[in-house]
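Inspection log for the structure reproduced underneath, given as structure tokens.
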Amino acid sequence: MAVPERRTSFQEILLKGFQDIRAEIIGWVILLNHYHILVNVESLDLVSSLLKQIHGSTSHEWNQKDGMTGKRKVWYRFVDRMMRNESI
């Protein structure tokens, strides 16, 4: 995501996806090599499914555009954490 346009496009896809699953988006940051998003959502399963779809489609598109199909893994993993109160 070193190219600014790629980060902008990814941001649009990410925010739209979370809106589509009716998540309350509290905050986010997209950096050169990773991102963070804080949401209030009914189920972490919804987040998992959404991120699998977004990561799959963006990695396929970026690898194809960069001539790296089968040579590069774009997304390695994601970690979720449920916050139960303000002190966590």
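- Around NE2 of H60, the count of heavy atoms belonging to other residues, nucleotides or ligands within 6.0 Å does not exceed 12.
- Of all heavy-atom pairs spanning I21 and L50, the tightest one is CD1-CD2, 4.0 Å.
- When L15, I30, D80 are each tested for a side-chain contact (heavy atoms from CB on, under 4.5 Å) with I37, only one passes: L15.
- For the atom pair I25 CD1 and N40 CG, the distance stands at 11.0 Å (nearest 0.5 Å).
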Apply side chain to side chain contact (heavy atoms under 4.5 Å, CB included) to residues R7 and L32 and explain how you reach the verdict. CA-CA 8 Å; R7 286 192 305 277; L32 294 178; 3.0 Å; yes

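- Panel note: side chain S9, backbone E5; no donor-acceptor pair is recorded below 3.5 Å.
- Two residues are said to be in side-chain contact when any heavy atoms from C-beta on lie closer than 4.5 Å; D66 and R6 meet this criterion.
- Within a 6.0 Å sphere centred on CD of E42, other residues, nucleotides and ligands contribute 12 heavy atoms or fewer.
- Residue G67 comes nearest to K71 through the heavy atom pair O-NZ, 4.0 Å, listed as atom of the first residue, atom of the second, then distance.
- Nearest approach of N33 to M1, heavy atoms of both residues: C-CE, 4.4 Å.
- Between K65 and E61 there is a salt bridge, with a side-chain nitrogen of the basic residue lying less than 4.0 Å from a carboxylate oxygen of the acidic one.
- Contact annotation: the side chain of V39 never approaches that of W28 to less than 4.5 Å [non-hydrogen atoms, C-beta and beyond].
- When side chains are defined from C-beta on, V74 does not count as touching T58, because their heavy atoms never get closer than 4.5 Å.
- Residues L51 and L14 are in side-chain contact: their nearest non-hydrogen atoms beyond the backbone lie under 4.5 Å apart.
- The only option from F18, F78, W75 that meets the ring pair (Phe, Tyr, Trp, His ring centres under 6.0 Å) definition with Y35 turns out to be W75.
- Note: S48 OG to Q53 CD = 12.0 Å, rounded to the nearest 0.5 Å.
- Remark: S49 OG to L44 CG distance equals 11.0 Å, nearest 0.5 Å.
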